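For reference, the structure discussed in these notes is given below.
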There are 2 protein chains.
Amino acid sequence: MAVSPTGYVILGMLRHEPRTGYGIKQVVDHSTRFFWAASYGQIYPELRKLAKAGLVEGESQPQGGRKRTVYRLTPAGREELSRWLGEEPEVLEVRDEGLLKLFFASAGPPETALQTVDARQRFYEAKLAQLREIEPRASAAADDGDPYPDVVLRYGIESCDWAIRWCERAREELGKQDTKRRRAA
Amino acid sequence: MAVSPTGYVILGMLRHEPRTGYGIKQVVDHSTRFFWAASYGQIYPELRKLAKAGLVEGESQPQGGRKRTVYRLTPAGREELSRWLGEEPEVLEVRDEGLLKLFFASAGPPETALQTVDARQRFYEAKLAQLREIEPRASAAADDGDPYPDVVLRYGIESCDWAIRWCERAREELGKQDTKRRRAA
DNA sequence: ATACTCATGTAAGAAGTTACATGATTAC
DNA sequence: GTAATCATGTAACTTCTTACATGAGTAT
């Protein structure tokens with residue numbers, strides 16, 4: 001039984017401590033979602049598959065009358081996670097509607113390109129703010145023994161910085177082109 | 001009848017001249033595939049849907065005994081493309097297995113993080129080489145009146161540059177951590 | 001001849017999102 | 001009491017990839 005890409009996200013999220021499906025979703029949303037998202041529609045069915053494959057183990061731990069299943073890695077799950085970590089990364093997919101719109105901008109009204117760049121900058125500024133908000137937590141976790149989430153988070157922050165600066169440069173360049181075109185007309 | 005995301009890629013690829021489905025795939029593979037890919041399994045069915053919706057028009061232009069259908073934008077298709085270009089970009093999805101592996105690296109053997117960073121750098125170097133190869137063509141197209149594909153291509157090149165430099169920095173940092181850990185042990 | 005490119009298409013399936021349904025607990 | 005949070009799950013759907021099938025034209 002093959003583990004799906006998101007299955008490995010789940011295994012990874014259980015590497016330090018057991019969690020509920022709900023808990024996994026919370027952590028994903030505050031960490032990996034910027035480069036790998038996961039919805040309940042994936043998490044719950046996948047947890048069952050992983051349990052059937054013997055890679056995780058669920059234990060019922062109700063709180064009051066509220067049903068609750070906490071999952072932990074089995075030794076086999078820990079091994080499978082480690083094996084996967086040693087494999088060459090393969091998936092790197094991007095679907096970037098903004099770049100697409102900029103690429104095709106000549107087919108739209110003249111303000112298309114600038115608008116698209118502006119929207120892009122706003123997007124990255126919002127993303128940057130979100131990342132800065134969660135950084136302290138990752139930094140604390142780093143002092144606690146696992147430096148990698150913080151390394152990845154800083155990658156996210158720095159790449160946002162870069163993207164924002166690119167937008168600023170692009171705006172300048174596009175402005176010049178506008179001037180040229182206006183002169184030519 | 002709603003146009004799918006990839007439908008807009010097709011409309012966009014027809015903005016300057018008519019093309020076959022095969023031709024669209026070629027252009028995508030040499031331009032947008034780095035931020036929006038498309039397979040035959042999407043292109044051919046989608047072309048039919050777009051034709052049914054009146055956004056493109058197919059004309060049979062066999063070459064010898066070889067069947068061949070060339071599609072062009074209809075006025076309605078051009079309008080729909082332009083309308084879409086004016087909308088705020090929404091989709092920006094990333095699925096980055098390398099960052100995931102780095103994030104979880106503490107659960108793997110000690111060399112995991114460095115290996116993952118190395119693989120990442122190789123990946124971006126290969127991508128950079130591909131982009132540099134197609135750049136002259138985009139640059140020529142820019143002189144021909146449409147500057148935007150070249151702008152986007154240079155975004156790709158510069159972001160690869162940035163990512164490669166990040167990998168180099170990360171390797172240094174991870175090396176230091178290794179040293180620290182070895183001293184502590 | 002044979003390999004490559006041009007060209008069109010489908011079927012099966014993987015992967016993931018959205019929307020919905022349900023209900024207990026906790027904080028204000 | 002009521003809103004937010006914790007918690008689990010499914011069904012329908014969209015999107016996309018992979019693998020396969022087919023066949024003509026072109027270059028060596």
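In what follows, every chain begins at residue 1, and chains take the letters A, B, ... in the order their sequences are listed. Because the structure is predicted, anything quoted here is derived from the model rather than measured.
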Specify the separation, in whole Å, of atom [atom1] of [X] and atom [atom2] of [N].
X	N	atom1	atom2	value
A:Glu46	C:dT17	CD	P	13 Å
B:Tyr44	C:dA11	OH	C1'	17 Å
A:Lys25	C:dT17	NZ	C1'	10 Å
B:Arg48	C:dG9	CZ	C1'	7 Å
A:Leu47	D:dG9	CG	C1'	12 Å
A:Tyr71	D:dC6	OH	P	19 Å
A:Arg33	C:dG16	CZ	P	17 Å
B:Ile43	C:dG9	CD1	P	12 Å

Discussion item. Can you build the contact string for nucleotides 15-28 of chain D? Use B for base contact, S for sugar-phosphate-only contact, and - for no protein heavy atom under 4.0 Å.
Written reply: SSBB-----BS---
Discussion item. Does a side-chain N or O of A:Tyr22 approach OP1 or OP2 of D:dT8 to a distance below 4.0 Å, or not?
Written reply: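 No, A:Tyr22 has no side-chain N/O under 4.0 Å of OP1/OP2 on D:dT8.
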Practice prompt. Please state whether the phosphate of C:dA7, meaning OP1 or OP2, lies under 4.0 angstrom from any side-chain nitrogen or oxygen of B:Thr69.
Written response: no
Fill in: Plane angle bin for A:Tyr155 and B:Trp166 - parallel if under 30°, tilted between 30 and 60°, otherwise perpendicular
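Geometry flag for A:Tyr155 against B:Trp166: perpendicular rings.
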Worksheet entry | Gap separating the CD atom of A:Glu135 from the CD1 atom of A:Ile157, nearest 0.5 angstrom |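 It comes to 4.5 Å.
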Fill in: In one Ile/Leu/Val/Met/Phe/Trp/Tyr side-chain cluster, 4.5 Å: B:Leu14, B:Tyr40
no
Worksheet item: Around atom CD of A:Glu17, are there more than 12 heavy atoms of other residues, nucleotides or ligands at under 6.0 Å?
Response: yes
Worksheet item: Yes or no on side chain to side chain donor-acceptor pair (under 3.5 Å) for A:Gln42 and A:Thr6, after CA distance, side-chain angles and deciding distance?
Response: CA-CA 8 Å; A:Gln42 289 175 270; A:Thr6 297; 2.9 Å; yes
Worksheet item: Does the salt bridge (Lys or Arg N to Asp or Glu O under 4.0 Å) test come out yes or no for A:Asp118 and A:Arg122, once each step is laid out?
Response: CA-CA 6 Å; A:Asp118 286 347; A:Arg122 283 195 304 278; 5.3 Å; no
